[in-house]
Amino acid sequence: MTSYQTVPKAELHCHIEGAATPSLVRRLAEQKGIDVSPIIDQNGKYIWSDFTTFLKAYDLASSVFKTPADYSLLTETYFRMLAAEGAIYGEVFISPDHAQAAGLSYRSYVEGLAAGIERAKADTGIEGRMIAIGVRHFGSASVERVVREVIGNPHPLVTGFGLAGDEREGHPANFAKAFRMAAEAGLGITAHAGEFGGPDSVIAALEFLRVKRIGHGVRAIEDENLVRRLADERVVLEVCPGSNMALGVYSVLRFHPVNLLRRAGVRLTLNSDDPPFFNTTLGKEYTSVAKTFGWSLEDQLDITRTAIEAAFCDDGTRQRLLVRLESAKHA
Ligand code: ADE
Ligand code: ZN
């Protein structure tokens, strides 16, 4: 096994609405008479300039998905693409607030998304799970509403709860109750922190949300005690280097802390976040990091192993994925 494409991969951090390609968004927008010209240019690329305008573009792109069939098309397309890049497992963040804004019930939203995941699995073997997220800048009442909806409408493929949105708004303490409810209901939990916020944001997520997985978390590198704590407590970071560069958190990959964090013993995974917005894919993340930092095939397999170990799936599925990973090594 020599090519980058054949490295078995797993993804833990991708926002499904943020994985919609501009061409799919434009096609659905035309069907529904929605004007997406402010966010998609003549060359078929998303238009945004900073985190705030990115979030706005993301909201408008999401608004074209209105029916369960639209959402199943979205997940089927994304999971097929992941599988084509060698992924054997993917978790996607789903956003019940965006579905509600588009006029869809939580249940219809999840059933639509799940149908697409199942279709992709039937054809390619890729396993998928969903993590429902609350949007931080919508406030704690909105985030608690999401967790109640998830708990009240259990679905076998919705196995986690998370917090995304603008990290510069709302202290994690405001969301402690939502996370306690999610954990008590048996959901895996993760929160975005240490992307735009510094080390304090990561510490607050650990303390108030009691998470063992963190979305991004890379700015922990600015505090050596925190780096040691992450390593000691075996916290897993969902690192998204392409996203960080696109959003200006780091200027070039050489200066991204992914390699330093890993060398310091922090467990981490590689992810695409909102791939077409950031001109990336999961495959590109593995390839560019491996090339830039000289990671071997074994290093890359180790990233996938960490993702599977930290995945929000049942242990039977985890064991099967680990067997698939090990057997690919000898193929
Ligand atoms: N929602 C979608 N992408 C996000 C990101 N990179 N950070 C926070 N919230 C998001
Ligand atoms: Zn994210």
Side-chain angles (χ1 to χ4, degrees), residues 11-22 25 39 46-63 65 74 78 82 90-101 113 129-139 142-143 146 160-172 174-175 178 188-198 201-202 204-205 209 211 213-220 236-250 256 258 268-282 285 307 310 312:
E11 180 163 67
L12 302 184
H13 189 126
C14 174
H15 301 258
I16 193 62
E17 283 86 358
T21 60
V25 167
I39 59 156
Y46 282 121
I47 307 167
W48 55 273
S49 56
D50 56 18
F51 189 52
T52 304
T53 53
F54 156 69
L55 288 175
K56 287 213 164 79
Y58 175 97
D59 286 346
L60 181 54
S62 303
S63 74
F65 295 90
L74 176 57
Y78 185 62
L82 269 187
E91 283 175 9
V92 287
F93 292 127
I94 67 171
S95 177
D97 290 299
H98 285 88
Q100 190 187 44
L113 292 162
R129 296 291 185 276
M130 294 178 266
I131 302 171
I133 51 154
V135 178
R136 192 165 177 152
H137 54 271
F138 292 171
S142 158
V143 173
V146 170
F161 175 72
L163 185 65
D166 197 334
E167 198 188 331
R168 299 163 299 191
E169 282 184 38
H171 191 274
N174 302 344
F175 308 104
I189 49 174
T190 177
H192 283 60
E195 178 188 20
F196 291 99
S201 163
V202 176
L209 309 180
V211 285
R213 254 173 63 176
I214 294 204
H216 300 282
V218 286
R219 291 197 50 205
V236 171
L237 302 186
E238 304 153 8
V239 178
C240 313
S243 160
N244 294 154
M245 287 186 297
L247 288 167
V249 182
Y250 299 99
H256 191 283
V258 61
L268 56 86
T269 63
L270 292 176
N271 306 275
S272 66
D273 208 3
D274 303 279
F277 284 88
F278 303 145
N279 191 25
T280 191
T281 66
L282 182 63
E285 297 296 330
F312 296 155

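Both ligands and their constituent atoms are indexed starting at 1 by order of listing. None of the values given here were measured: they were computed from a predicted structure. Any value given below was found using the heavy atoms of this structure, including those in side chains, with hydrogens, waters and symmetry copies removed.
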- Kindly assign one of parallel, tilted or perpendicular to the pair Trp48 and Phe278, based on the angle between their ring planes and the thresholds 30° and 60°. perpendicular

- Message: Parallel, tilted or perpendicular, judged at 30° and 60°: which one describes the rings of Tyr58 and Phe277?
- Response: tilted

- Message: If the contact criterion is a heavy-atom separation under 4.0 Å, does Phe196 count as touching ligand 1?
- Response: no

- Task: Return the name of the atom in His192, of element N, O or S, nearest to the Zn ion (ligand 2).
- Result: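 That would be atom NE2.
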
- Considering only N, O or S atoms, which atom of Asp273 is nearest to the Zn ion (ligand 2)? OD1

- Query: Can you check whether Gly194's main-chain N or O pairs, donor with acceptor, with Glu167's side chain at less than 3.5 Å?
  - Reply: yes

- Message: Determine whether a donor-acceptor pair (N or O, by modelled atom type, separation under 3.5 Å) exists between the side chain of His216 and the backbone of Val239.
- Response: no

- Message: Run Glu238 and Arg213 through side chain to side chain contact (heavy atoms under 4.5 Å, CB included) and show every step you take.
- Response: CA-CA 7 Å; Glu238 304 153 8; Arg213 254 173 63 176; 2.8 Å; yes

- Please confirm whether Asp274 comes within less than 3.5 Å of ligand 1 when only nitrogen or oxygen atoms on both sides are compared. yes

If the cut-off is 4.0 Å to any non-hydrogen atom of [X], which atoms of ligand 1 fall inside it?
X	result
Glu195	5 (C), 6 (N), 7 (N), 8 (C)
Asp273	5 (C), 6 (N)
Phe51	5 (C), 7 (N), 8 (C)

- Thr269 and Asn271 side chains, donor-acceptor separation under 3.5 Å: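 Yes, a side-chain donor-acceptor pair sits under 3.5 Å.
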
- Query: Can a donor-acceptor pair be found between the side chains of Ser62 and Asp59 at a distance below 3.5 Å?
  - Reply: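 No donor-acceptor contact under 3.5 Å links the two side chains.
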
- Query: For ligand 1, does Phe93 get within less than 4.0 Å through its side chain, its backbone, both, or neither, judged by non-hydrogen atoms?
  - Reply: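 Under 4.0 Å from ligand 1, Phe93 contributes no heavy atoms.
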
- Item | Closest protein heavy atom (residue, atom, distance) for atom 1 (N) of ligand 1 |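 The answer is His15 CE1, 3.4 Å.
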
- Starting from atom 9 (N) of ligand 1, find the nearest protein heavy-atom neighbour and note its residue, name and distance.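 I find the closest protein heavy atom is Gly165 N, 3.0 Å.
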
- Query: Looking from the Zn ion (ligand 2), what is the angle between NE2 on His15 and NE2 on His13, to the nearest 10°?
  - Reply: 110°

- Task: Verify the distance test for Glu195 against the Zn ion (ligand 2): any N/O/S atom under 2.8 Å, yes or no.
- Result: no

- Message: Looking at Phe312, I'd like to know if the NZ or CZ of Arg129 sits under 6.0 Å from its six-membered ring centre while staying within 45 degrees of the ring's axis.
- Response: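 Not satisfied by the 6.0 Å and 45° rule.
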
